[in-house]
Every structure is written in structure tokens, then in C-alpha cells.
Amino acid sequence: MSQPPGQLTFVAPRRAKPARHLADLSMAERRAAVAELGEKAFRADQLSRHYFERLTTDPGQMTDLPAASREKLSALLPDLLTPVKELTTDGGTTRKTLWKLFDGALVESVLMRYPDRVTMCVSSQAGCGMNCPFCATGQAGLTRNMSTAEIVEQVVAGARALAAGQVPGGPGRVNNVVFMGMGEPLANYKQVIGAVRRMVDPAPHGLGMSARGITVSTVGLVPAIAKLADEGLPVTLALSLHAPDDELRDTLVPINTRWKVAEVLDAAWAYAAKTKRRVSIEYALIKDINDHEWRADLLGKLIKNKLVHVNLIPLNPTPGSKWTASRPEDERAFVRRLQFHGVPVTVRDTRGREIDGACGQLAAAE
């Protein structure tokens, strides 16, 4: 179901919730849940170790738990994601998975293995309510928010694939998580923050990742950016800007009709000042739409001398869309203009292009 142009959806439709999972809960809440099941509270620590460290939900492998307790405790480890389709490219080092949630909603995650790291791109909502016209997910509308555990399980699934040797390159671990899959993360604030805390909590409480390895993207929900700055979680903020001027951004990123470019950049600089973390400006280069040199100059003037980095993204066109990637010469000119202003800039590696890598394309095809 597509959304009317420019319409924003902040509140997800009310739907049945997934079963409660260990990863939805803090350690104190897990101990209470285990006690509710008639087990000793310390069993929560053992169960957490199996899930976050040994990456298993199979009661048969939990030999440190009494046989009678295993099935009872497995109620806290329900199946949340069912793989529907998996596509690989780059010699198997890029794996995109389409998942079905308990209610039939579809979401996507991508594992990308590089020589020095493994990055998971995860979804935070089924669909998206931000309605950016060049985005496959944005055109699908918002189905529902994902639970904390549904978000975490995408990362754990990637870790399992690495541990099982399913990804070329030998054993490895997920070093980076980017909230750049389906959905607007800051529109599902509570669950996303819960998922980030599960990722950074030391094992066995969580996955023991570095907060510096986690990037949370947003189209620019200004109050939520301010809230995120106060969480004490030094994650990287990625701002999906896509245009430096309000006239164009109102169309490309409809949230701009609520919070203008100047407001959203002020929120980003406040985030950088509080967290000491460099803000990433995400900018999808779209042929003849936002790739003009004068726009690169305007962007450079707006952000120079700030704690910032620009990540230019060659648009991954969706089938039948009028939007397509910039010409290589225009991309190079855009980079040169930003560099002229002293702004650090890189062009994103376009992994996954041949497997419908742009988020939402696999789900839209089902």
C-alpha cells in the first residue's frame, strides 16, 4: 500500500506483538521472567550466555541446564525471524536476507564482510512512514514497528552465519551495525535504543560490541536526535540529508516540511558536541535532481569546519522508478566541490547492487 506523496506516518498501526524474547529484556527483567517460570534467577545468566555468546536457542545444546528446565526456559527464546529468501554476491561475502516476522510482515538485513570487518545492516521497522519518493521502503508505507528482539536477532543471525562458516573468510564476528535497513530508526525510538543496549552490553548480558561500531540513521527527527544525545551511547549519527536546500529537500525528504535543513543540522551539531562523535551526512546522488555542483557548494558551505563526514551514495534505482544514479562525471565533480570546502567525503561502496541491495527491493518483489 503506497502512501500519498508527502504524507508522513509517525505512529505505527496497532498490531499483535511478537512473543516476549530474552533480548527484549534487561538482565534484571530476565531474572524476574525466569523466576516467573519457577526457575532460579541465575538461570537467566546461563540462558543469556547461550543466546548472546554461544548463539544458540536449541534447548538440546544447553547441557548446563537441568533437562526439566530447558523446555520451560526456551519459552524466552521464541523464533522471531523466518528466512524467506537469501541472495549472495561478492563471492558470498555480501548476503542479503528477506525475513518473515510472526505476523507475515517482511523485513531485510544485509551482512557485508570486508577484509578487516563485518558490517550488518539491519531493519528497525517493517516498511517506513517517512515516504521519501526515491526509496523502495518509503513507497511501501509503514506496516509496524519491530520489537527490540526482532532487531537484535538480525545481528545474532549474522553472527551465527559467520560462526557456522557460511560466509567465506573463516570465523569472524560482527564488528559494525548500521541501522540503515527498512524503517526510520528514531520513529521506533524505544525499541531501537533497547536493541543498541543489547548490542553494547558486555557478554553475557548482550553482544559486547563497541558503541562506536554502531550507526543510527535518521531522516531528521529533531526532538529524537536531541534525546539520543542524552542516552550516553556514543553511537554514530547518520543524517540522511540528500539535499542542502529546503525547496528540494521538502520533496526528496518530506520530513523537511516539519524540520528544515537549518534545524536538523543544528540538532546534528549539538549531537556531535555532546557525544564527541563525528556526524555522517548521507547524500544519495540522483541524476539531474540533487547532483549539481552549486548544490555541492551550498552543502560544503553549510557543513565546513564541523565534526562531520559526507557519505555520497550512488542511488540504487528501484525498478520502474524515474530516479537513477548520477553520471560518473557529475559524481566526481560533486566530490571535488566538497573537497574544495575542506569537507571529508567518501563515495559509498555499492555492494549488493545486483541483488536488489537497495533496502525494500526484496520485500517489494514478494
Side-chain angles (χ1 to χ4, degrees), residues 18-37 39-57 61-62 64-65 73-78 80-81 109 111 117-124 145-163 172-181 185-186 188-217 224 227-238 271 274-277:
R20 181 178 65 165
H21 188 284
L22 180 88
D24 287 312
L25 310 174
S26 67
M27 187 55 97
E29 290 167 336
R30 286 174 220 169
R31 289 176 181 141
V34 164
E36 280 171 28
L37 293 171
E39 295 289 327
K40 293 185 171 65
F42 75 86
R43 298 286 182 211
D45 299 58
Q46 293 173 297
L47 204 58
S48 299
R49 188 164 279 111
H50 284 294
Y51 181 72
F52 287 110
E53 287 191 312
R54 295 173 190 153
L55 307 173
T56 185
T57 57
Q61 294 183 20
M62 302 179 187
D64 57 339
L65 296 173
L73 292 172
S74 69
L76 290 172
L77 295 171
L80 296 176
L81 308 180
S109 66
L111 181 151
R117 69 191 188 283
V118 177
T119 298
M120 283 294 310
C121 179
V122 300
S123 295
S124 55
N145 286 330
M146 293 177 70
S147 69
T148 287
E150 286 172 328
I151 298 168
V152 172
E153 179 66 11
Q154 296 170 79
V155 181
V156 171
R160 284 192 195 114
L162 288 163
R173 59 169 297 174
V174 177
N175 314 93
N176 302 96
V177 173
V178 294
F179 282 82
M180 294 181 179
L186 295 188
N188 186 20
Y189 189 90
K190 183 180 176 186
Q191 284 71 27
V192 164
I193 293 301
V196 171
R197 293 199 183 280
R198 294 303 100 77
M199 291 172 201
V200 303
D201 281 347
H205 293 223
L207 289 167
M209 295 179 63
S210 166
R212 292 172 175 270
I214 297 173
T215 298
V216 176
S217 70
K227 198 171 169 186
L228 182 63
D230 291 331
E231 290 285 352
L233 291 165
V235 298
T236 298
L237 178 72
Y271 183 88
K274 183 161 276 189
T275 62
K276 308 294 187 284
R277 299 291 289 144

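Residues take their numbers from the sequence shown, with the count starting at 1.
- In terms of heavy-atom proximity, A163 sits nearest to L55 at CB-CD1, 4.2 Å.
- Contact of the L207 side chain with the V156 side chain is registered, since non-hydrogen atoms from C-beta on lie closer than 4.5 Å.
- Nearest approach of G158 to V174, heavy atoms of both residues: C-CG2, 4.3 Å.
- Summarising the geometry, atom CD1 belonging to I214 is positioned 5.0 Å from atom CE belonging to M209; distances are rounded to the nearest 0.5 Å.
- The side chain to side chain contact (heavy atoms under 4.5 Å, CB included) test applied to R49 returns E53, R54, P204, not counting sequence neighbours.
- Listed by chain and number, the residues in a side chain to side chain contact (heavy atoms under 4.5 Å, CB included) with R117 are Y114, T119, N175, N176 (sequence neighbours excluded).
- Residues that satisfy the side chain to side chain contact (heavy atoms under 4.5 Å, CB included) test with D230, not counting sequence neighbours, are K274.
- Residues meeting the side chain to side chain donor-acceptor pair (under 3.5 Å) test with E231, sequence neighbours left out: Y189, R197.
- Contact of the H50 side chain with the D64 side chain is registered, since non-hydrogen atoms from C-beta on lie closer than 4.5 Å.
- Annotation: side-chain hydrogen bond (donor to acceptor under 3.5 Å, both in side chains) contacts involving residues 22-31, sequence neighbours excluded, comprise S26-E29, R30-S48, R31-D45.
- You'll find the side chain of L37 reaches within 4.5 Å of the side chain of L76, heavy atoms only.
- R277 is linked by a salt bridge (charged side-chain N to carboxylate O under 4.0 Å, His left out) to nothing, counting only residues two or more places apart in sequence or in another chain.
- Between I193 and L228 there is a side-chain heavy-atom pair separated by less than 4.5 Å.
- Expressed to the nearest 0.5 Å, how far CG of L186 lies from OG of S217 amounts to 7.5 Å.
- The distance from atom CG of L80 to atom CE of M146, rounded to the nearest 0.5 Å, is 9.0 Å.
- K227 NZ to Y271 OH: the interatomic distance, rounded to the nearest 0.5 Å, is 14.0 Å.
- What you find for T148 and A23 is that their closest heavy atoms are CG2-O, 3.4 Å.
- At least one side-chain heavy atom of P18 sits less than 4.5 Å from a side-chain heavy atom of E150.
- Scanning for side chain to side chain contact (heavy atoms under 4.5 Å, CB included) contacts around T215 gives V178, M180, T236, A238, with sequence neighbours left out.
- Side-chain contact between V235 and V200 is absent, with no heavy-atom pair separated by less than 4.5 Å.
- A search for side chain to side chain donor-acceptor pair (under 3.5 Å) contacts involving S109 returns W99, not counting sequence neighbours.
- Every residue two or more places apart in sequence or in another chain was checked for a salt bridge (charged side-chain N to carboxylate O under 4.0 Å, His left out) with R173, and none qualifies.
- Scored by the side chain to side chain donor-acceptor pair (under 3.5 Å) test, Q46 finds R43 as partners (sequence neighbours excluded).
- When side chains are defined from C-beta on, L47 counts as touching L65, because their heavy atoms get closer than 4.5 Å.
- Nearest heavy atoms, G206 versus F52: O-CB, 3.4 Å.
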Evaluate the side chain to side chain contact (heavy atoms under 4.5 Å, CB included) criterion for residues I151 and N188: first the C-alpha distance (whole Å), next the side-chain angles of each, then the deciding distance (0.1 Å), finally the verdict.
CA-CA 11 Å; I151 298 168; N188 186 20; 4.2 Å; yes
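- Across C121 and G181, no two heavy atoms sit closer than the pair SG-N, 3.4 Å.
- Put simply, the side chain of L162 reaches to within 4.5 Å of the side chain of L111, judged on heavy atoms.
- Here the closest non-hydrogen pair linking R198 and V152 is CB-CG2, 3.8 Å.
- Taking E153 as the reference, Y51, R160 meet the side chain to side chain donor-acceptor pair (under 3.5 Å) condition, with sequence neighbours excluded.
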